[in-house]
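Encoded as C-alpha cells, the structure appears first; notes follow it.
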Amino acid sequence: MNKRLDNYFEQVKKNPPLMDIEKVNQIITEAEIKTEVEVEVKKGHRNFLKIIIIIIIMTTLFAVILSVFLLWPKAPEEIPNSNYPIPKGILQTADSIPIKEEMNINPDEDLIVVANNNKISVSAADDLETKVEVSGPDVIESNTLKTSNYAIYNNLKNDSCDFQLILFDKKAFIFNDKQNTIWLSINSDQTKALVSGEYRYTVPNKKERVPMSFSGQYFINPDSTLKITNGIISIDTSKANHSVVYEFILENKQKISGMYLPKPVEEEILISTIEKPKIEFVYTEQLMDSTHFIELNREELEQFGFTLNDSSIFFRFLFNVGIQAFTKLKDNSMIFGVQTDGKKERNEDNTVSNFKAENFNFSRNKQDLEKYHKGKVLMLATDEKGKTILKMGMPKIRLEEMISSKYSKNRLTLLPIVIKKNIFGDQPKQNVVYWFLPTDQFLSDLPKHITVDLLNEIDYLDAKEKLGTEKPECKYFDECKNTLDVSNFKVFPNPANSNATVTFNLNEAINGKISLVDLTGRERQVLQPQTQFSVGSHHFDLDVSDVPEGIYLITLYSDKGIQTQRFIVTR
Amino acid sequence: MIKQAEFMKLYEPIHQRLSNYCRSMASCRADAEDLLNDTALAAFEQFDKLEDASAFAGYLFTIASNLFKKQIRRKKFRGNYNEKEALLIADLNVDAETRTELSLIMQKIDMLPNLQREALILFHISDLPLEEIRKIQGGSLSAVKQRIKRGRERLMQMLTEKQRQVVSLIL
C-alpha cells in the first residue's frame with residue numbers, strides 16, 4: 001500500500017513546472033519595475049505630505065507665537081524714574097533716624113499708624129471699615145531711592161473720604177538737618193490715584209536746585225499735607241522749608257501738578273521790609289450807628305426803589321462799584337444776587353453768609369467809580385432786633401469814598417429803613433431792616449423831610465460848639481439825644497459775644513446808673529446800679545454771655561443828663 | 001537588478017518543488033499558477049528581509065502556505081474533481097490504469113485535513129525536511145511527524161476501504 005502512495009508521490013513530482021523559470025523571472029522583473037514606480041510615487045506623495053504638514057505646523061507655531069506676543073500683558077508704563085542721584089552728605093537713611101513711635105494720621109485720631117522698627121501697623125477707630133495694605137520698608141540703595149512705604153485705606157465711612165492713601169517713608173531723609181519723615185494724605189473721590197512726585201530742594205549755601213523724581217510717593221515737610229478733595233487739590237506748605245514740586249496723575253489721566261517754591265532767605269528779608277497795603281474790611285455791624293429806623297409808607301418805599309409784590313419784596317441796588325445786585329425777600333428768607341453788565345445773574349442764598357466783594361473778579365475802573373458813587377448801597381439786612389439776615393463786607397476805603405459829601409465825612413455809619421411786618425399783604429413775615437450807606441443817591445431818594453431831619457442831626461453832632469447850634473428833634477441818632485457832658489464814652493470790643501468793657505471820662509461828678517437797654521426801650525440788664533461817679537475816667541466790665549444776639553444801647557442815666565452808646569451782641 | 005539575480009539564483013533550484021506544491025494544494029491550474037506567481041512575487045518583495053540564504057526554501061514555502069490559506073479563505077470552496085485531476089495528472093505520460101490509480105489517491109489526499117495534507121505534500125512531493133515543515137506549519141517537530149504519519153495511515157486506510165468495497169461488490 002505504501003508503495004502505491006510512494007508511486008503516486010513520485011509520479012506527481014514528475015509533473016513539469018506550472019511555468020518556466022524564465023516566466024517567473026519575467027514576472028519578477030515586471031513587478032520590480034512596477035514596484036519601483038510605486039515606491040517613487042509613494043515617496044513623492046510622502047514628501048509632499050511632509051511638506052504640507054511642516055508648513056501647517058510652522059504656520060500654527062507662528063500664529064501661536066504671534067498671538068502670545070500680541071496678547072501678552074504689557075508692563076505698565078514706568079512712572080518717572082527714581083534714579084536721580086541723591087547728593088551724599090545731605091541724605092541720611094532711616095537707620096540713623098529715630099523712628100516715630102506713633103503718628104497720628106488723622107487729626108481726629110481716626111487712624112493711627114504705628115511704626116516700630118521694621119514693621120508698620122495701622123489701626124483704625126471701631127466705626128471705620130478699613131482695608132489696609134501696608135508694605136514693608138524698602139531698600140535705599142547707595143544713591144538711588146526706590147518706592148516708599150505706603151498704606152491704602154479703602155471704604156472709609158466718612159462721606160468726604162472715599163479713598164485715602166497715606167504715604168510715609170520710614171527710611172526717612174534729612175534735608176537741612178531736619179528730619180523729613182514723610183506722609184501724604186490724599187482725600188479723593190477717585191478709587192485709585194497714581195501718584196508720582198518730583199521734589200526739588202535747594203542745597204544749603206548754594207543756589208543750585210537739585211531735582212529728584214519719585215514714583216508712588218510724595219515728599220513734603222513732615223507737617224505739610226496735601227489733599228485732593230473732589231478734584232480740588234490743596235497743599236499746606238506753611239511749615240515747609242524747601243521747595244516742592246508735585247504732579248499727580250489720576251486714573252482717568254487727569255493730571256494735577258503744581259509747585260511750592262519758598263523764597264531764598266535773602267529775598268524774604270527784602271520782601272518783609274516792604275509793607276504790603278492792608279485792606280481793612282469793615283464789619284457792617286460796626287456801622288449801625290443809628291438805632292431809630294426810618295419808616296416809609298408804601299408809596300415812599302416804591303419811590304425809593306423797592307418793588308413790592310404780594311408774595312415778595314424786591315430791591316435792586318448797588319452792591320459794589322460796577323456791580324448791580326438785588327435782594328428778594330420772601331417769607332422769612334432773603335435771596336441775594338449780583339448782576340454784571342446786565343447779562344448774567346448769580347443767585348446766592350446768602351441769608352447768613354458773609355459776602356465779600358473781593359471774592360468776585362468783576363472789572364472796575366475809575367469811570368465805574370464815578371458812575372456808581374451816587375448809587376444806593378445796601379450793606380446789611382437784619383430783623384428789628386439786629387439779628388443779621390444778610391450782610392456784606394467791603395473795603396473801608398471804598399465805603400469812605402462813597403459816602404455823600406453832604407453827610408459827615410468823619411462818620412461812617414449805616415442808615416436803617418424798616419419795613420414793618422405784614423404791611424403789604426402778608427409780606428414780610430417779620431420786621432426787616434435794610435441798612436444803607438449814606439450815599440448821595442440814598443439821601444436824594446428818601447422823602448425830603450426825612451433827609452432834612454437826618455442832615456440836621458448830623459450837622460448838630462458834627463458841630464464842635466453845640467451850645468451855639470440849634471438842637472434838632474433827634475429822631476434818628478441816639479448820640480443826638482445825649483445831654484450829658486461825657487467824653488470818650490466807648491464800649492469795646494463792639495460787637496462783642498461774651499465780655500466787653502465800658503469806659504468814659506467825666507468832667508463833672510454825677511449821680512447815675514448804667515443799663516443795657518434793647519431797641520424797644522426795655523432795660524435788659526443793670527450794669528452799674530445808682531452810684532456817685534467822680535470826675536475822671538471810669539471803666540466797667542460787662543458780661544453779656546447771657547444776653548441774646550442783637551443791638552442794644554448802653555445808657556448812662558444821671559441827674560445831669562443821659563449818654564447812650566450803641567452796642568451789638570453777636571454769637 | 002542584483003537583488004533579482006540573487007533571488008533567481010536561490011529560487012531556481014526550488015522552482016520545481018514549489019510548482020509541485022502549488023499544483024498539489026490548489027484546486028485548479030489557474031489557482032495553482034496564481035499561487036506560484038504570487039508566492040514568487042511576495043518572496044521577491046520581501047527578499048531583502050531574508051538574512052540566511054540557506055533558509056530560502058522554508059521562506060518560500062511559508063509564503064506559499066500562507067497565500068494558499070488566504071486563497072482558501074477567499075474562495076471558500078475547492079474546485080471540482082475533474083479540474084484537479086487535469087491539474088495533477090493531465091501532464092503525466094502514464095497509462096490509463098496508472099492514471100486511475102493516481103486519480104484515486106489524489107481524491108483521497110484531498111479528503112485529508114488541511115494540515116495533514118499539506119504536511120504530506122511538503123514532505124513527499126516538495127521534499128522539504130521536517131524542520132522546514134515545522135517552521136511553515138508551526139508547532140513542534142513531533143507534531144509534524146504525527147501529521148505525516150497519521151496522514152499516510154489515514155490515506156492508506158481510505159485506499160484499503162475502497163478496495164474492500166470493490167471486492168465485496170464482486171463477491
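Here the structure is a predicted model, which is why all the values come from computation and not from measurement. A note on names: the letters A, B, ... follow the listed sequences, proteins ahead of strands, and every chain is numbered from 1. All values below come from the heavy atoms of this structure, side chains included, with hydrogens, waters and symmetry mates left out.
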Exercise. Just by distance, do the side chain of B:R23 and the backbone of A:P16 share a donor-acceptor pair under 3.5 Å?
Worked result: yes

Problem set entry | Heavy-atom pair count under 4.5 Å with chain A, highest-scoring of B:N20, B:I121, B:L120 | B:N20

Exercise. Is there a donor-acceptor pair closer than 3.5 Å between any side-chain N or O of A:K13 and the backbone N or O of B:H124?
Worked result: yes

Problem set entry | Candidate pair A:D20 and B:H15, rule side chain to side chain contact (heavy atoms under 4.5 Å, CB included), full reasoning | CA-CA 9 Å; A:D20 296 338; B:H15 177 61; 5.8 Å; no

Problem set entry | B:E153 atom CD: more than 12 heavy-atom contacts under 6.0 Å | yes

Exercise. Going by heavy atoms in the side chains, are B:R152 and A:D6 under 4.5 Å from each other?
Worked result: yes

Exercise. Minimum heavy-atom separation for A:L18 to B:S19, with atom names?
Worked result: N-OG, 2.6 Å

Exercise. Hey, what do you get for SG (B:C22) to CE (A:M19), rounding to the nearest 0.5 Å?
Worked result: 8.5 Å

Exercise. Hey, mind stepping through B:M8 and A:I21 against side chain to side chain contact (heavy atoms under 4.5 Å, CB included) and telling me if it holds?
Worked result: CA-CA 9 Å; B:M8 289 309 296; A:I21 189 72; 3.7 Å; yes

Exercise. When rounded to the nearest 0.5 angstrom, what distance separates CD in A:Q11 from CD1 in B:I125?
Worked result: 11.5 Å

For this session: Just do the side chain to side chain contact (heavy atoms under 4.5 Å, CB included) check on A:Y8 and B:I109 with the steps written out, would you?
Result: CA-CA 11 Å; A:Y8 170 79; B:I109 288 177; 3.0 Å; yes

Exercise. How many angstroms lie between atom CG of B:N37 and atom NZ of A:K23, to the nearest 0.5 angstrom?
Worked result: 7.0 Å

Exercise. Using a distance-only test with no angle check, is there a side-chain donor-acceptor pair under 3.5 angstrom linking B:Q4 and A:N25?
Worked result: yes

